[in-house]
Engineer: 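Take a look at this one; I'll ask things after.
These numbers were taken from a predicted model, which means no experiment stands behind them. Below, chains carry the letters A, B, ... as their sequence lines are ordered, and counting in each starts from 1.
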Amino acid sequence: MTFQKSIRFYDTKTGSQRRFEPINPEVVSIYSCGPTVYNFAHIGNFRNFVFVDVLRRTLKLFGYDVRHVRNVTDVDDKIIRIAQENNESIKDVSSRYEEAFFEDCKYLRLEDVEYNPRATDHIDGMIDLVKRLIEKGYTYEKDGSIYFKVDKFTDYGKLSGIDLSAVRTGARVDSDEYSKEDARDFVLWKGRRNDEPYWDSDFGQGRPGWHLECSAMSRHYLGDTFDIHTGAEDLVFPHHENEIAQSEAANGREYVRYWLHCAFLNMKDQKMSKSLGNIITAKKLRDDGVNGLAVRYFLLSVHYRKPLAFSYESIDSAVTAVTRLQTFFTRIKDLADNREADDRTDFEDKLNKYKNEWFEALADDLNTAKALGSLFELVREANSLMDRQMIGWRQATAILDFLSMADSVLDVMQSDSDSGLNQEIEDLVNCRNEARKARNFEEADRIRDQLKKMGIIIEDTREGVRWRKI
RNA sequence: GGCGGCGUAGCCAAGUGGUAAGGCAGAGGUCUGCAAAACCUCCAUUCAUCGGUUCAAAUCCGAUCGCCGCCUCCA
């Protein structure tokens, strides 16, 4: 690829766009806050994970390898509470929802990431981190729990820009039921309480606080300093702020070079969130037969740092848009396979223009909305030329190469084909063709209706008969 | 109260100083046995409002209105 590597990302820490330069010029290290598996993930959660998916795919398109960690939080207050309510183990709860999460990932065509560590498999690393913080004097103990002393870490607040003096002691900060010396402090290790799960450590039995796992696991897989850390914007404070504090205090090095945060998915004007009760799970859409590619497209159709409102109207419109892309992809592919067709115009410069626009849009802080805009311009222009039989197999092949490249990020143009059904469909299509040749249109239309009931749309084109699934 | 974001057509949305991309919906037309797909034409003299700067503003500055987020578990 001749395109110069010059991706820019909006970095939360600086509040501005910065040219991306990874520590290792070949391999980008990424840590993404993953799901807490206490429930089925909703599509607001998946807005974030689709954004992360676009990030890693874009980096790969630009020639980088990625070393990407996305954790599974499988121990936390909510999981424990649900397990107790249902009289199950936390493992029962977490594995149920973890499994559903990965099914949803497939539904939305999320690429596998390199590492999916579970928090409970990394307790040792977390204990080690707390130990080092204790040694360096960043902690205190109270009622068996270990707290991080925010006062000691002078850079505290640099990510979120929060003014600590504004956080009033005693106001709304005791909700985690653990007492602290200072409202701003956060818990590293929660001392064992009655029938909750616990682990042994040098500083007593207990379980890790929420922030600890990301610091421990990212260090395990990516080292003290890594390139990109992602999450949704509600994690900026306190979660990521606390990660920085504990990691930098313990390691004495910069924790993360680029912080990328995704905006929310809204229902009406409010964020989609479990506590507001306005969620739609990915599983529900999946069970309702909503096309996952349309959902993926919908989530990609707006820049990741802008609020996005969910509606079924938007999903419907995404279905149509995705179908248009898929139809175009198939048309180009068929033409590329047809060595009889010669080029009657030169499309190379135009194609290069669209290619450049595509790369430039993604390089501009993953502007998928802009990228799609120029892609649809290509669709219209190439369709128009194909209608006039101006494009032959050579140029179709060049266009197909670009589409494949674009789809290595989008991943919506090639629908899953149900091969088991194909022979039956082909037979019916052939019968209909015979009927049409015999000008028996009643029979032809009957077969067309029959296919439609099977979810198959027939298209009689100049290049021949095509069919596709609804 | 502190910090941050948003307001562009019927809906979604790109555009951060040079005269409004794109998608969906809608209207008319071409093609077709009919459809479907595709194409063509039309669809914002205007970017929440009001001022200001400038040769030039959706874009910069100021004010106003409306909406949202974080500051507490959260994607």
Engineer: Touch check for M272(A), heavy atoms < 4.0 angstrom, all strands: base, sugar-phosphate only, or nothing?
Structural biologist: base
Engineer: Ring of Y198(A), cation from R192(A) - is the NZ or CZ under 6.0 Å from the centre and inside 45° of the axis?
Structural biologist: yes
Engineer: Quiz question: going by heavy-atom distance under 3.5 Å, is there a donor-acceptor pair between the base of C34(B) and the side chain of D460(A)?
Structural biologist: yes
Engineer: Sticking with atom P, work out how far C39(B) lies from U45(B), rounded to a whole angstrom.
Structural biologist: 26 Å
Engineer: Does either side chain, that of T320(A) or that of S317(A), offer a donor lying less than 3.5 Å from an acceptor on the other one?
Structural biologist: no
Engineer: Please give, in whole Å, the distance from A35(B) P to R436(A) CZ?
Structural biologist: 13 Å
Engineer: Which value, in whole Å, describes the distance between the P atoms of nucleotides C47(B) and U41(B)?
Structural biologist: 26 Å
Engineer: Under the criterion side chain to side chain donor-acceptor pair (under 3.5 Å), which of H68(A), R296(A), R109(A) is the partner of D53(A)?
Structural biologist: R296(A)
Engineer: For U59(B) versus C24(B), give the span between their P atoms, rounded off to a whole number of Å.
Structural biologist: 29 Å
Engineer: Hunt down the Watson-Crick or G-U wobble partner of C67(B), both distances under 3.5 Å, from any strand shown, or write none.
Structural biologist: G5(B)
Engineer: What integer distance in Å separates L375(A):CG from G23(B):P?
Structural biologist: 10 Å
Engineer: Choose from C71(B), A75(B), C40(B) the nucleotide whose nearest atom is closest to any side-chain atom of H42(A).
Structural biologist: A75(B)
Engineer: Scan nucleotides 3-22 of chain B nucleotide by nucleotide, 5' to 3', and note B when protein non-hydrogen atoms come under 4.0 Å of the base, S if they reach only the sugar-phosphate, - if neither.
Structural biologist: ----S-----SSS-----BS
Engineer: Return the 5'-most residue of the pair N383(A), G44(A) with respect to RNA chain B, ranking by each residue's nearest nucleotide.
Structural biologist: N383(A)
Engineer: What is the separation between atom CG on L108(A) and atom P on A75(B), rounded to the nearest whole Å?
Structural biologist: 16 Å
Engineer: Could you measure between the two C1' atoms, the one in A27(B) and the one in A21(B), and give it in whole Å?
Structural biologist: 22 Å
Engineer: Could you state the CD-P distance from Q326(A) to A38(B), rounded to the nearest angstrom?
Structural biologist: 12 Å
Engineer: Could you check how far NE2 of H261(A) sits from C1' of C71(B), rounded to whole Å?
Structural biologist: 15 Å
Engineer: Whole angstroms only, please: what is the CD-C1' distance between E381(A) and A38(B)?
Structural biologist: 15 Å
Engineer: Looking just at side-chain N and O atoms, do S415(A) and Q326(A) make a donor-acceptor pair shorter than 3.5 Å?
Structural biologist: no
Engineer: Given atom CG of L325(A) and atom C1' of A38(B), what is their separation to the nearest angstrom?
Structural biologist: 14 Å
Engineer: Expressed as a whole number of Å, how far does the C1' atom of A75(B) sit from that of C65(B)?
Structural biologist: 31 Å
Engineer: Pull out every protein N or O sitting under 3.5 Å from an N or O of nucleotides 65-69 of chain B, one pair per line with the distance.
Structural biologist:
residue: C68(B); atom: O3'; partner: D269(A); partner atom: O; Å: 3.3

Engineer: Please give the nucleotide sitting opposite C11(B) as a Watson-Crick or G-U wobble pair, both distances under 3.5 Å, or none.
Structural biologist: G23(B)
Engineer: A25(B) and C12(B): how far apart are their P atoms, nearest whole angstrom?
Structural biologist: 15 Å
Engineer: My understanding is that a pair needs two contacts under 3.5 Å, Watson-Crick or G-U wobble. By that rule, which nucleotide pairs with U45(B)?
Structural biologist: none
Engineer: Would you tell me if any nitrogen or oxygen in the side chain of R324(A) comes within less than 4.0 Å of OP1 or OP2 on A38(B)?
Structural biologist: yes
Engineer: Which whole number of Å gives the distance between the P atom of G5(B) and that of G22(B)?
Structural biologist: 29 Å
Engineer: Can you find a donor-acceptor pair, distance only, under 3.5 Å between R47(A) side chain and A75(B) base?
Structural biologist: no
Engineer: Under a 3.5 Å distance rule, please check whether D11(A) uses its side chain to pair with a backbone N or O of S16(A) as donor and acceptor.
Structural biologist: no
Engineer: Give the rounded distance in Å between these two atoms: CZ of R466(A) and P of A35(B).
Structural biologist: 19 Å
Engineer: So, for Y255(A) and F226(A), is the gap between ring centers shorter than 6.0 Å?
Structural biologist: yes
Engineer: With rounding to whole Å, what would you report as the distance between A20(B) and U8(B) at their C1' atoms?
Structural biologist: 8 Å
Engineer: Cation-pi check for F9(A) against R18(A): NZ or CZ below 6.0 Å from the six-membered ring centre and within 45 degrees of the axis, yes or no?
Structural biologist: no
Engineer: Suppose we define a pair by two distances each less than 3.5 Å, Watson-Crick or G-U wobble; what does C60(B) pair with here?
Structural biologist: G52(B)
Engineer: Scan every strand shown for a Watson-Crick or G-U wobble partner of G28(B), both distances under 3.5 Å, and answer none if you come up empty.
Structural biologist: C40(B)
Engineer: Aromatic contact between F40(A) and Y97(A), with the criterion being ring centroids under 6.0 Å apart: yes or no?
Structural biologist: yes
Engineer: Please evaluate residues R331(A) and N383(A) with respect to the criterion side-chain hydrogen bond (donor to acceptor under 3.5 Å, both in side chains), reporting the C-alpha separation (whole Å), side-chain torsions for both, the decisive distance (0.1 Å), and the verdict.
Structural biologist: CA-CA 9 Å; R331(A) 192 177 183 191; N383(A) 268 330; 2.8 Å; yes
Engineer: So which nucleotide does C34(B) pair with, by the Watson-Crick or G-U wobble rule with both distances under 3.5 Å?
Structural biologist: none
